[in-house]
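To keep things clear, I will list the structure first and then write my remarks on it.
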Amino acid sequence: MPFGTVTLNDGNEFPVIAFGTGTSMIFKDVTDYVGQAIENGFSHIDTAQLYRTEAYVGLAIKESGLPRSSLYITTKYSLDGSPLEAIQQSLNKLGLSYVDLYLVHFPDLFSDFESGWQEFEKMKKDGLTRSIGVSNFTLEDLQKLLKTAITKPAVNQIRFHPYNYASQKALLEYCAKQSITVEAFGSLNSITQNPGGPVDAVVNAAAKRIGATPNQVIFSWVRSKGVAIVTTSRSKERLQEYLAVEDLPPLTAEEIAAIDDAGAKGPPSRLVVARLAIQHRFERSSSLVMLLVIAIMFSLAMFFMF
């Protein structure tokens, strides 16, 4: 069963998993990766001015041959200048007449929240974007914005993972109260950035019980908080792994609470992370050396046989 959608506070449907073109894909030609994501079932593609990937996303959309209505496109206002000018530039690069969601990438881009958000409200009214939202906004940023906003942000895209859940909990509660959908990036932090910490054991135990991978358990945990997901990978198998999360048995309340509690203990020390990274590199190097030795021995055996 594929990931579904949620209804935003403006009535538009929002796919709860997106393929992102940031992080390691910034400034790169992502045409093939976006095409691969679409082919494997991602309908929501996330980009931004800052990533310099919009033109490649546009090319992948065109090459997919799919009708515009079957895809959901998010981009972001990331640079200085007028938001209205920026979205026109983004639309030109994407080859689209509208995007589904346009976000303010960082709160600091608004020198004045009231006038800045008014431009976003205007682009929604003019049909350049169907929904408007924010990214990396704190609780205080949202409170400041909502003092003068006529249209509430539909989405707040934030960094969210077990190790920062405790610090983000108040923001999640506020967003829920204001009917603002939270979308997470960086959710695999405990696996990709901070392995070896207290989250590992409880995630691995849950993975064993439901026959899942640790990545899938983390995404199940994110969804249990009512939070949507932005993720990425160059690997077809990894994308399929992510999309298969909805087919897995749900986490129990006890497993969710255990991940919460483990995350509250904080990530491992930098020393632990560095040691694991060195160990991983050593294991990879050892494997390569072993393969080389086997190849040499095989070549010598063949030489003396003939």
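Along the sequence shown, residues carry numbers from 1.
Judged by distance alone, with hydrogens and angles left aside, the side-chain atoms of Tyr242 form no donor-acceptor pair with the main-chain N or O of Ala244 at under 3.5 Å. In this structure a side-chain-to-backbone donor-acceptor pair under 3.5 Å is missing from Trp117 to Ile150. Proximity of a side-chain donor or acceptor of Arg52 to a complementary backbone N or O of Gln49 within less than 3.5 Å is detected. Remark: the backbone N or O of His105 is paired with a side-chain donor or acceptor of Asn136 at under 3.5 angstrom. Of the possible polar contacts, one joining the Asp100 side chain to the Ile73 backbone as a donor-acceptor pair under 3.5 Å is found. In this structure, the side chain of Glu121 does not engage the main chain of Ala149 through any donor-acceptor pair within 3.5 Å. Checked by atom type and distance alone, the side chain of Lys76 never pairs as donor or acceptor with a backbone atom of Val104 at under 3.5 Å. Under a 3.5 Å cut-off, the side chain of Asn156 and the backbone N or O of Gly133 do not form any donor-acceptor pair. Looking at Glu54, its side chain never comes within 3.5 Å of a backbone N or O of Thr75 through a donor-acceptor pair.
We find the OH-OG1 distance between Tyr77 and Thr129 to be 15.0 Å, quoted to the nearest 0.5 Å. Taking OG1 from Thr232 and CG from Asp46, the interatomic distance works out to 9.5 Å, rounded to the nearest 0.5 Å.
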Please walk me through it: do Ile259 and Ser224 pass side-chain contact (heavy atoms from CB on, under 4.5 Å)?
CA-CA 11 Å; Ile259 294 173; Ser224 77; over 6 Å; no
Is there a side-chain contact (heavy atoms from CB on, under 4.5 Å) between Ile17 and Phe219? Walk through the geometry before answering.
CA-CA 10 Å; Ile17 189 167; Phe219 284 149; 5.5 Å; no
Given Leu101 and Asn12, is the side-chain contact (heavy atoms from CB on, under 4.5 Å) satisfied, shown in steps?
CA-CA 10 Å; Leu101 177 63; Asn12 291 317; over 6 Å; no
Check against side-chain contact (heavy atoms from CB on, under 4.5 Å), Gln36 and Phe19:
CA-CA 10 Å; Gln36 177 175 254; Phe19 178 81; over 6 Å; no
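Val230 and Leu8 are assigned to two separate hydrophobic clusters, defined by single-linkage of ILVMFWY side chains at heavy-atom distances under 4.5 Å. Following chains of ILVMFWY side-chain contacts shorter than 4.5 Å, one can reach Phe42 starting from Val16, so the two form part of one hydrophobic cluster. One hydrophobic cluster, built from ILVMFWY side chains closer than 4.5 Å, holds both Leu71 and Ile229.
Counting only N and O atoms by type, the side chains of Thr5 and Glu13 include a donor and acceptor under 3.5 Å apart. Neither side chain, Thr31 nor Glu63, offers a donor N or O lying under 3.5 Å from an acceptor on the other. Side-chain atoms of Arg234 and Ser24 include a donor-acceptor pair closer than 3.5 Å.
Between Phe137 and Phe113, the distance from one ring center to the other falls under 6.0 angstrom.
Seen from the ring of Tyr165, Lys225 counts as a face-on cation partner, given the 6.0 Å and 45° thresholds.
Two residues are said to be in side-chain contact when any heavy atoms from C-beta on lie closer than 4.5 Å; Phe3 and His44 fail this criterion. In this structure, Leu128 and Tyr98 have side chains that are not in contact, with every pair of non-hydrogen atoms separated by 4.5 Å or more. You'll find the side chain of Ile218 stays beyond 4.5 Å of the side chain of His161, heavy atoms only. Taking 4.5 Å as the limit, some side-chain heavy atom of Val99 sits within range of a side-chain heavy atom of Ile87. Residues Met123 and Phe120 have side chains in contact (heavy-atom distance under 4.5 Å, counting atoms from C-beta outward). You'll find the side chain of Tyr163 reaches within 4.5 Å of the side chain of Val199, heavy atoms only. Side-chain contact between Tyr56 and Val34: absent, with no pair of heavy atoms (C-beta onward) separated by less than 4.5 Å. A heavy-atom distance below 4.5 Å is not found between the side chains of Asp141 and Val134.
The neighbour count for Arg159 CZ, taken as heavy atoms of other residues, nucleotides or ligands under 6.0 Å away, does not exceed 12. Taking a 6.0 Å sphere around CG of Asp32, one finds it holds 12 or fewer heavy atoms contributed by other residues, nucleotides or ligands.
In plain terms, the two heavy atoms of Arg223 and Ala228 that are nearest each other are NH1-N, 3.9 Å. Residues Ser220 and Val245 approach most closely at OG-CG1, 3.4 Å, considering heavy atoms. Listed here is the closest heavy atom pair of Ser70 and Ser43: O-CB, 3.6 Å. Pro195 and Pro268 get closest at one heavy-atom pair: O-CG, 3.3 Å.
Under the 4.0 Å criterion applied to side-chain N and carboxylate O atoms, Lys169 and Asp260 are not assigned as salt-bridge partners.
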